Amino acid sequence: MEASTLSPDQRLEFITRNLQETLGEDKLKGLLQEGKDVNIYWGTATTGKPHVAYFVPMSKIADFLRAGCKVTILFADLHAYLDNMKAPWDLLAKRAEYYEHIIKAMLESIGVPLEKLNFVKGTDFQLSKEYTLDMYRLSSVATEHDAKKAGAEVVKQVTHPLLSGLLYPGLQALDEEYLKVDCQFGGVDQRKIFTFAEKCLPALGYAKRIHLMNPMVPGLTGTKMSSSEEDSKIDLLDDAGALKRKLKKAFCEPGNIENNGLLSFVKFVLFPLFGEKEFLIERPEQFGGNVSYKDFETLEQAFAKQEVHPGDLKGAVQRELNILLDPIRTKFQSPELKKLTNSAYPPPPSKKKTPGGKGASKGGAAPQNDELVPSRLDMRIGKVVAVEKHPDADTLFIEKIDVGEENPRTIVSGIANFVSLEEMQDRIVVVLCNLKPQKMRGVVSQGMLMCASTDEPKNVEPLDAPEGSAPGDRVFIEGYESGKADEELKPKKKVFEQLQADFKTSEDRVAMWKDSPFMTKLGLCKAPTLKNATVR
């Protein structure tokens, strides 16, 4: 159906369907009633590799175009740097170029005509004299408290935030004026930035804009799909085998429709794209045979009643995802785009192996995890659920620590002279989980509590996790997010010992490996007080 034949109410339905919230809906209705073109922009910071959850905003962009809107896509390269330097300055241009190619490939795979879209990079206009002056003007009307609060759900939150992270919400507000749009579209996690913009732009003499918000779609683990959490997301360039493996491990409890990433993907991506097409569940005759669903609500009810098995739902999502991903995979097989991918996201350096040589695996291939890289360490956030003094050693504590497994782990730590039992109880800590268990004065320790320590004066303190961290959250070294940890570190190979030689805290107390910080999806891991200390 052509947009010119749609009524204002029909256009509104396309614009707002599946949104969680709209700020300024009356203003939007007014624009549609007047028959005006509605200008919308969606921005994405060019940080980690986009994953399949990006199909959610892509699907909405298709809706906007169906409603006759003009759409601008902003590749927010400067934002990527300001957000705690998620994109290093020397990779900024390559990351933005990668995003442009991959986002365009996604849009083409769902049938969105690129000629109807306007593509812009942040640095194309955010470095102008006028924009810079407006940033100074905005800094005179916005408080530090408001800026920090606005970015709380989007910008990495740390104890002592860099000024760059506080600038982030202001840039996003000014983008609305400089892109000359009526609406900004984003996830509901950006709501505080949107309300910050509604407050600040009028103070500068600019119009308040409309804000359209998608719900946050759960990842495969039932939490937010994140570029830095390998198990929670499907990369757009994952092959069919990797897709199958990840979907097989995806959280999809029979009858459970809450935090179900697979159902959410069907609702927010597949059904909006299907049009008149039905969602087909393929299954053997002995299990009821194939069944089709015309709308998501019927499918959801069937799953809740356990009329649809999780395995069958996974098979259907896998089939449809492969249809969406195949054109993207094919496009990125070109030598130019392969080179771009490696330039934008350079892999960690690898050691060359001589086939059949010492350490080679069966068939002459080099064994996996043979490089000395920090991704081999299985570090996780833990919560101390119980702690007591070791009965046979005054300097040791015995802690029970929840690291996201069925049962807490027993960890023995030599911190009794530096931290009280009360300080340790319920504390959120960083734990190394893949050391070989060993006895410490008769008690088997199933990991290591990661601490900062100094010799002069002698002091030891457990590392602090970012606010909001939960047991089981992965701790990684920036730049080594995608590597796989060893099942167990072999003592003879001294992998931890060699890596630990470069563990330290910075002047800002951030735990580091060489020049790269310890991180979770929520931010940086730090020592409470110790600067330039050893971490072990």
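All values derive from a computational prediction rather than experimental measurement. Note that the numbering runs from 1 along the sequence shown for the chain.
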Parallel, tilted or perpendicular: ring planes of Tyr98 versus Tyr345, cut at 30 and 60 degrees
perpendicular

Under 3.5 Å donor-acceptor, Gln333 side chain and Lys331 backbone
no

Applying side-chain contact (heavy atoms from CB on, under 4.5 Å), run through Phe64 and Leu117 and close with a yes or a no.
CA-CA 11 Å; Phe64 299 153; Leu117 297 164; over 6 Å; no

Short side-chain to backbone donor-acceptor contact, Glu176 and Ile210, under 3.5 Å:
no

Any donor-acceptor pair under 3.5 Å from Asp77 side chain to Gly122 backbone
yes

Is the shortest side-chain heavy-atom distance between Pro310 and Asn256 below 4.5 Å?
no

Please answer whether the main-chain N or O of Val56 pairs with a side-chain N or O of Ser59 as donor and acceptor at a distance below 3.5 Å.
no

Distance check, rounded to the nearest 0.5 Å: Lys493 atom NZ versus Gln498 atom CD?
11.0 Å

Just checking, any donor-acceptor pair under 3.5 angstrom between side chains of Asn260 and Glu253?
no

Describe, in one word, how the ring planes of Trp42 and Tyr54 are oriented to each other, choosing from parallel (under 30°), tilted (30 to 60°) and perpendicular (over 60°).
perpendicular

List the atom of Leu263, the atom of Phe296, and the distance in Å for their closest heavy-atom pair.
O-CE1, 3.2 Å

Rounded to the nearest 0.5 Å, what separates atom CG in Leu340 from atom CD in Glu97?
4.5 Å

Salt bridge or not for Asp402 and Lys383, using N-O below 4.0 Å?
no

When you compare the side chain of Ser375 with that of Phe476, does any pair of heavy atoms fall below 4.5 Å?
no

Please check: side-chain N/O of Lys60 versus main-chain N/O of Leu212, any donor-acceptor pairing under 3.5 Å?
no

Apply side-chain contact (heavy atoms from CB on, under 4.5 Å) to residues Glu320 and Phe265 and explain how you reach the verdict.
CA-CA 11 Å; Glu320 298 298 334; Phe265 189 82; over 6 Å; no

Would you say the side chain of Leu236 lies within less than 4.5 Å of the side chain of Phe332, judging by non-hydrogen atoms?
no

For Ile110, give me all partners under side chain to side chain contact (heavy atoms under 4.5 Å, CB included), at least two apart in sequence or on another chain.
Phe55, Met58, Val112, Leu273, Leu324

Could you tell me if the side chain of Lys490 sits less than 4.5 Å from the side chain of Val495, heavy atoms only?
no

Short N-O contact, Arg380 and Glu405, less than 4.0 angstrom
yes

Ile398/Val387 under side-chain contact (heavy atoms from CB on, under 4.5 Å): CA gap, chis, key distance, verdict
CA-CA 6 Å; Ile398 302 173; Val387 58; over 6 Å; no

Might you point out which heavy atoms bring Thr341 and Lys49 nearest each other, and give the distance in Å?
CG2-NZ, 3.8 Å

Closer than 3.5 angstrom, by distance alone: can the side chain of Arg95 be matched with the main-chain N or O of Thr46 as a donor-acceptor pair?
no

Closest approach of Ala173 to Leu201 (non-hydrogen atoms, all atoms of both residues)
O-CD1, 3.5 Å

Is any side-chain heavy atom of Phe271 less than 4.5 Å from a side-chain heavy atom of Leu299?
yes

Please identify each residue that fulfils side chain to side chain contact (heavy atoms under 4.5 Å, CB included) with Lys199, with sequence neighbours left out.
Asp146

What distance do Phe125 atom CZ and Leu174 atom CG have between them, rounded to the nearest 0.5 Å?
9.0 Å

Value rounded to 0.5 Å, distance of NZ in Lys514 from NZ in Lys504
10.0 Å

Please name the pair of heavy atoms, one in Phe496 and one in Leu377, separated by the smallest distance, quoted to 0.1 Å.
CD1-CD2, 4.2 Å

Quick check against the 3.5 Å criterion: does Thr505 have a side-chain atom that pairs as donor or acceptor with the backbone of Ala533?
yes

Donor-acceptor contact below 3.5 Å, side chain Glu461 vs main chain Leu530:
yes

Do Lys400 and Thr410 have side-chain atoms, one donor and one acceptor, less than 3.5 Å apart?
yes

Identify the two heavy atoms, one from Arg409 and one from Cys433, that lie closest to each other, and give their separation to 0.1 Å.
NH1-O, 2.6 Å

Do Met424 and Ile415 come within less than 4.5 Å of each other through their side chains, counting heavy atoms only?
yes

Between the OG atom in Ser413 and the CZ atom in Phe418, the distance rounded to the nearest 0.5 Å is 12.5 Å

Lys531 and Ser506: CA distance, side-chain angles, deciding distance, side-chain hydrogen bond (donor to acceptor under 3.5 Å, both in side chains) verdict:
CA-CA 6 Å; Lys531 304 176 181 179; Ser506 68; over 6 Å; no

How about Glu467 and Leu522: do any of their side-chain heavy atoms sit closer than 4.5 Å?
no

Check for me whether Lys104 meets the cation-pi criterion with Phe119, that is, NZ or CZ under 6.0 Å from the six-membered ring centre and within 45 degrees of the ring axis.
yes

Salt bridge check, Asp464 against Arg427: does any charged N sit closer than 4.0 Å to a carboxylate O?
yes

Should Thr195 and Arg191 be marked as a side-chain contact (heavy atoms from CB on, under 4.5 Å) after you check the CA-CA gap, both sets of side-chain angles, and the distance that decides it?
CA-CA 6 Å; Thr195 56; Arg191 191 183 195 281; 3.8 Å; yes

Determine whether the side chains of Gln190 and Gln184 contain a donor N or O and an acceptor N or O closer than 3.5 Å.
no

Is the side chain of Asn434 donor-acceptor paired with the backbone N or O of Asp486 at a distance under 3.5 Å, no angle test?
yes

Approximate separation, where rounding is to 0.5 Å, of Leu463 CG and Leu449 CG
8.0 Å

Side-chain (Ser109) to main-chain (Met106) donor-acceptor, under 3.5 angstrom:
yes

Check whether any side-chain heavy atom of Leu127 sits under 4.5 Å from a side-chain heavy atom of Leu78, and report yes or no.
yes

Does NZ belonging to Lys149 count more than 12 external heavy atoms closer than 6.0 Å?
no

Between the side chains of Lys267 and Glu300, is the shortest nitrogen-to-carboxylate-oxygen separation below 4.0 Å, so that they form an ion pair?
no

What heavy-atom pair brings Gly165 and Pro169 nearest, and what distance separates the two atoms?
O-CD, 3.5 Å

